[in-house]
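Per chain, numbering begins at 1; letters A, B, ... match sequence-line order. FYI, side chains are in, hydrogens and waters are out, and symmetry mates aren't considered; it's all heavy atoms of this structure. Everything numeric here is computed off the predicted structure, so don't read it as measured data.
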There are 2 protein chains.
Amino acid sequence: MDATELARLCKALGDPTRARVFLFLCQCCAQVALDDDGGARPADGPTVGEVCCHITGSPQPSSNLSFHLKELREAGLVTTERRGQRVVCRIDRATLARLAETFAAAQSCCGPDPERTNR
Amino acid sequence: MDATELARLCKALGDPTRARVFLFLCQCCAQVALDDDGGARPADGPTVGEVCCHITGSPQPSSNLSFHLKELREAGLVTTERRGQRVVCRIDRATLARLAETFAAAQSCCGPDPERTNR
DNA sequence: ACGATATTTCGATAACTATTGAAATATCGA
DNA sequence: TCGATATTTCAATAGTTATCGAAATATCGT
């Protein structure tokens with residue numbers, strides 16, 4: 001990943017509210033639901049209102065959260081999908097994977113030893 | 001890592017100039033030098049002037065880069081050490097490791113399948 | 001101490017961003 | 001279609017941030 005894209009993604013995560021949303025969606029994403037035929041699938045993400053409830057504590061949806069979700073969506077970190085009246089949110093796994101790989105590569109690039117043993 | 005710290009680190013990386021500096025320092029960090037006794041050790045990082053040269057293309061140091069380095073340093077992503085007239089920069093491996101682990105955990109939290117195979 | 005080199009700090013400014021409330025849009029059930 | 005619920009868009013504002021040039025600080029060699 002080049003610096004421009006890294007900056008774009010990190011800028012989206014560089015706000016406390018958005019970082020909370022991101023980590024919350026990662027948690028939700030781990031939950032598993034069962035299909036009608038009994039097959040396991042990733043659970044649907046939380047609705048915007050549920051995210052709002054988790055972040056702000058108040059059940060009423062806020063324009064502020066909508067703004068932050070838009071930032072995350074436009075950065076490619078989050079996808080949203082309308083389900084009737086509600087809109088469910090999910091982590092974009094592909095983007096997250098690229099981000100994780102970028103930092104893993106940066107880390108291995110720096111070598112295995114966190115302490116300078118010589119000199 | 002909690003959302004507050006994630007946001008702090010990502011905010012520091014959420015600027016194109018700083019992202020470039022970060023990736024450049026990761027590269028430099030991979031280089032290895034030899035001690036007087038022949039033991040391998042991580043090479044000294046580049047000086048502020050060298051970073052500036054790589055980022056801006058011009059050899060003259062800029063107050064702007066100094067500002068961005070300060071942001072990275074205060075976020076804990078970069079360390080600086082004076083070597084006479086020069087100041088050498090390095091990635092803070094411990095912070096990078098925590099960041100890499102956070103995204104790796106977020107990713108594994110989301111499960112192994114990037115595609116929804118069911119439904 | 002002095003001059004040269006390297007880097008940081010300071011002050012000003014323009015651009016950007018988060019927040020808020022009100023209005024608009026979308027979907028559903030009756 | 002109407003009312004209710006869920007979400008987004010819009011406009012205004014206050015706070016933050018990147019950039020620039022000039023001045024200040026630090027270190028070295030002479």
Side-chain angles (χ1 to χ4, degrees), chain A residues 3-4 6-25 28 44-90, chain B residues 3-4 6-25 28 44-90:
Chain A
T4 302
L6 179 61
R8 214 168 37 89
L9 295 178
C10 284
K11 188 163 95 171
L13 289 174
D15 172 271
T17 300
R18 289 197 291 266
R20 290 183 67 196
V21 171
F22 173 78
L23 292 178
F24 177 59
L25 289 182
C28 292
D44 277 349
T47 66
V48 172
E50 285 167 342
V51 174
C52 193
C53 191
H54 178 263
I55 298 296
T56 71
S58 92
Q60 65 226 10
S62 78
S63 64
N64 194 19
L65 187 80
S66 189
F67 162 72
H68 288 303
L69 276 173
K70 190 175 83 170
E71 295 286 308
L72 289 170
R73 181 168 5 102
E74 289 180 349
L77 284 162
V78 165
T79 63
T80 59
E81 182 187 351
R82 189 169 271 275
R83 284 260 205 281
Q85 275 175 303
R86 319 287 177 84
V87 171
V88 297
C89 311
R90 291 195 205 89
Chain B
T4 302
L6 179 62
R8 213 167 38 86
L9 295 178
C10 285
K11 189 163 93 172
L13 289 175
D15 173 272
T17 300
R18 291 198 289 267
R20 289 183 67 196
V21 171
F22 173 79
L23 292 178
F24 177 59
L25 290 182
C28 292
D44 277 349
T47 67
V48 172
E50 286 167 341
V51 175
C52 194
C53 192
H54 178 263
I55 298 296
T56 70
S58 92
Q60 65 225 10
S62 76
S63 64
N64 194 18
L65 187 79
S66 189
F67 163 73
H68 287 303
L69 276 172
K70 190 174 82 169
E71 295 286 309
L72 288 169
R73 181 165 9 100
E74 290 181 347
L77 284 162
V78 165
T79 63
T80 59
E81 182 186 352
R82 189 169 272 274
R83 283 259 204 281
Q85 275 176 300
R86 319 286 177 84
V87 170
V88 298
C89 312
R90 292 195 206 87

Please give, in whole Å, the distance from [N] [atom2] to [X] [atom1]?
{"X": "A:Arg82", "N": "C:dT27", "atom1": "CZ", "atom2": "P", "result": "5 Å"}
{"X": "B:Glu50", "N": "C:dA6", "atom1": "CD", "atom2": "P", "result": "10 Å"}
{"X": "A:Lys11", "N": "D:dT16", "atom1": "NZ", "atom2": "P", "result": "17 Å"}
{"X": "B:Ile55", "N": "D:dA18", "atom1": "CD1", "atom2": "P", "result": "15 Å"}
{"X": "B:Asn64", "N": "C:dT13", "atom1": "CG", "atom2": "C1'", "result": "14 Å"}
{"X": "B:Glu71", "N": "D:dT16", "atom1": "CD", "atom2": "P", "result": "13 Å"}
{"X": "A:Leu72", "N": "C:dA18", "atom1": "CG", "atom2": "P", "result": "10 Å"}
{"X": "B:Phe67", "N": "D:dA23", "atom1": "CZ", "atom2": "P", "result": "22 Å"}

**Asked** B:Ser63 or A:Gly49: which one's nearest nucleotide on DNA chain D is closer to the 5' end?
**Response** A:Gly49

**Request:** Going by the side chain to side chain contact (heavy atoms under 4.5 Å, CB included) test, name the single residue among B:His68, B:Glu50, B:Arg20 that passes it with B:Ile55.
**Result:** B:Arg20

**Request:** State which residue, out of B:Leu25, B:Val21, B:Leu13, fulfils the side chain to side chain contact (heavy atoms under 4.5 Å, CB included) condition with B:Leu77.
**Result:** B:Leu13

Spacing of [X] atom [atom1] and [Y] atom [atom2] [to the nearest 0.5 Å]:
{"X": "B:Asn64", "Y": "B:Thr56", "atom1": "CG", "atom2": "OG1", "value": "9.5 Å"}
{"X": "B:Leu72", "Y": "B:Asp15", "atom1": "CG", "atom2": "CG", "value": "8.5 Å"}
{"X": "B:Leu23", "Y": "B:Cys28", "atom1": "CG", "atom2": "SG", "value": "11.0 Å"}

Among the candidates [options], find the nucleotide nearest to the side-chain atoms of [X].
{"X": "B:Thr17", "options": "D:dT19, C:dT8, D:dA18", "answer": "D:dT19"}
{"X": "B:Gln85", "options": "C:dA4, D:dA18, D:dT9", "answer": "C:dA4"}
{"X": "B:Val48", "options": "D:dT8, D:dA6, C:dT8", "answer": "C:dT8"}
{"X": "B:Arg86", "options": "C:dA6, C:dT27, C:dT19", "answer": "C:dA6"}
{"X": "A:Arg18", "options": "C:dA18, C:dT7, D:dA18", "answer": "C:dA18"}
{"X": "A:Lys70", "options": "C:dT9, D:dT9, C:dT8", "answer": "D:dT9"}

**Request:** Scan A:Thr47 against the nucleic acid and name what it touches under 4.0 Å (heavy atoms): base, sugar-phosphate only, or nothing.
**Result:** sugar-phosphate

**Asked** OP1 or OP2 of C:dT19 less than 4.0 angstrom from a side-chain nitrogen or oxygen of A:His68, does that happen here?
**Response** yes

